[in-house]
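Predicted, not measured: the structure shown is a model, and the values here were computed from it. Below, each value reflects all heavy atoms present in this structure, side chains not excepted, and no hydrogens, waters or symmetry copies.
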Amino acid sequence: AGLGKSEGDFTFLASITDAIAFAKNLVDQHGYKRVHLVGHSWGGWVATQVFKSLNEQRGVLALLAPFTDIGEGDAAMQ
(Lines give C-alpha, C1' and ligand atoms only; values in the text may rest on other atoms or scores of the structure.)
Protein backbone atom coordinates (compact mmCIF):
# COMPACT_ATOMS: atom_id res chain seq x y z
CA ALA A 1 0.00 0.00 0.00
CA GLY A 2 1.15 3.52 -0.76
CA LEU A 3 3.92 2.72 -3.25
CA GLY A 4 3.75 3.71 -6.88
CA LYS A 5 0.12 4.20 -7.86
CA SER A 6 -1.31 1.94 -5.15
CA GLU A 7 -3.77 3.38 -2.68
CA GLY A 8 -3.08 3.79 1.01
CA ASP A 9 -0.17 4.99 3.07
CA PHE A 10 3.16 3.22 3.05
CA THR A 11 4.84 2.24 6.29
CA PHE A 12 7.76 -0.14 6.69
CA LEU A 13 5.96 -2.12 9.39
CA ALA A 14 2.80 -2.45 7.31
CA SER A 15 4.81 -3.75 4.36
CA ILE A 16 6.05 -6.59 6.57
CA THR A 17 2.70 -7.41 8.16
CA ASP A 18 0.96 -7.27 4.76
CA ALA A 19 3.54 -9.63 3.24
CA ILE A 20 3.18 -12.09 6.13
CA ALA A 21 -0.61 -12.03 5.82
CA PHE A 22 -0.36 -12.50 2.04
CA ALA A 23 1.95 -15.52 2.37
CA LYS A 24 -0.19 -17.14 5.04
CA ASN A 25 -3.28 -16.54 2.90
CA LEU A 26 -1.59 -18.30 -0.05
CA VAL A 27 -0.78 -21.28 2.14
CA ASP A 28 -4.32 -21.43 3.52
CA GLN A 29 -6.08 -21.00 0.17
CA HIS A 30 -3.89 -23.28 -1.92
CA GLY A 31 -2.48 -25.70 0.62
CA TYR A 32 1.13 -25.10 -0.36
CA LYS A 33 3.55 -27.34 1.49
CA ARG A 34 6.48 -24.97 0.94
CA VAL A 35 6.79 -21.29 0.09
CA HIS A 36 10.03 -20.13 -1.52
CA LEU A 37 11.04 -16.49 -1.18
CA VAL A 38 13.42 -14.12 -2.94
CA GLY A 39 14.26 -10.71 -1.54
CA HIS A 40 16.51 -7.80 -2.40
CA SER A 41 17.16 -4.61 -0.46
CA TRP A 42 14.11 -3.86 1.72
CA GLY A 43 12.46 -6.90 0.14
CA GLY A 44 15.23 -9.00 1.64
CA TRP A 45 14.26 -7.88 5.11
CA VAL A 46 10.58 -8.45 4.34
CA ALA A 47 11.39 -11.92 2.98
CA THR A 48 13.28 -12.88 6.14
CA GLN A 49 10.32 -11.88 8.30
CA VAL A 50 7.87 -13.79 6.11
CA PHE A 51 10.22 -16.79 6.14
CA LYS A 52 10.31 -16.77 9.95
CA SER A 53 6.52 -16.64 10.12
CA LEU A 54 5.93 -19.63 7.84
CA ASN A 55 7.22 -22.29 10.24
CA GLU A 56 6.69 -25.70 8.61
CA GLN A 57 5.87 -24.17 5.22
CA ARG A 58 9.35 -22.67 4.90
CA GLY A 59 10.96 -23.40 1.59
CA VAL A 60 14.09 -21.77 0.24
CA LEU A 61 15.04 -18.20 1.12
CA ALA A 62 17.28 -16.42 -1.41
CA LEU A 63 18.63 -12.98 -0.56
CA LEU A 64 20.10 -10.95 -3.40
CA ALA A 65 22.77 -8.33 -2.79
CA PRO A 66 24.11 -5.79 -5.29
CA PHE A 67 27.71 -6.48 -4.23
CA THR A 68 28.90 -10.05 -4.03
CA ASP A 69 32.66 -9.50 -4.32
CA ILE A 70 34.00 -6.55 -2.35
CA GLY A 71 37.60 -7.65 -2.36
CA GLU A 72 39.89 -8.46 0.52
CA GLY A 73 42.10 -6.59 2.96
CA ASP A 74 42.75 -2.90 2.31
CA ALA A 75 41.08 -3.11 -1.11
CA ALA A 76 37.75 -3.84 0.55
CA MET A 77 37.96 -0.64 2.59
CA GLN A 78 38.52 1.76 -0.33
| Can you name the nearest heavy-atom pair linking Ala1 to Ser6, along with the distance? |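 Nearest heavy atoms, Ala1 then Ser6: C-OG, 3.6 Å.
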| message | How close do Leu61 and Thr48 get, counting heavy atoms only, and between which atoms? | response |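 Nearest heavy atoms, Leu61 then Thr48: CD2-CG2, 4.0 Å.
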When hydrophobic residues are tied together by side-chain contacts of less than 4.5 Å, even through go-betweens, does [X] share a cluster with [Y]?
X     : Y     : answer
Val60 : Leu37 : no
Leu13 : Val50 : no
Ile20 : Val38 : no

| query | For Trp42, what residues pass the side-chain hydrogen bond (donor to acceptor under 3.5 Å, both in side chains) criterion, not counting sequence neighbours? | reply |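 Once residues adjacent in sequence are excluded, the partners of Trp42 under the side-chain hydrogen bond (donor to acceptor under 3.5 Å, both in side chains) criterion are Ser15.
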| query | Is atom CG of Asp9 surrounded by more than 12 heavy atoms (other residues, nucleotides or ligands) closer than 6.0 Å? | reply |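 No.
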| said: Tell me whether Arg58 contacts the main-chain N or O of Ser53 through its side chain, where contact means a donor paired with an acceptor under 3.5 Å. | reply: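 Answer holds: no.
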| message | Keeping His36 on the side-chain end and Gly59 on the backbone end, is there a donor-acceptor pair under 3.5 Å? | response |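 Here the side-chain-to-backbone pair does not exist.
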| said: Can you confirm whether Trp45 sits close enough to Ile16 that some side-chain heavy atom of one is under 4.5 Å from a side-chain heavy atom of the other? | reply: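 Result yes, sub-4.5 Å side-chain heavy-atom pair found.
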Which donor-acceptor pairs under 3.5 Å do the side chains of residues 22-32 make with protein atoms, sequence neighbours left out?
none

| Reported CD-to-OG1 distance for the pair Gln49 and Thr17, which is rounded to 0.5 angstrom |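 Atom-to-atom, Gln49:CD and Thr17:OG1 are 11.0 Å apart.
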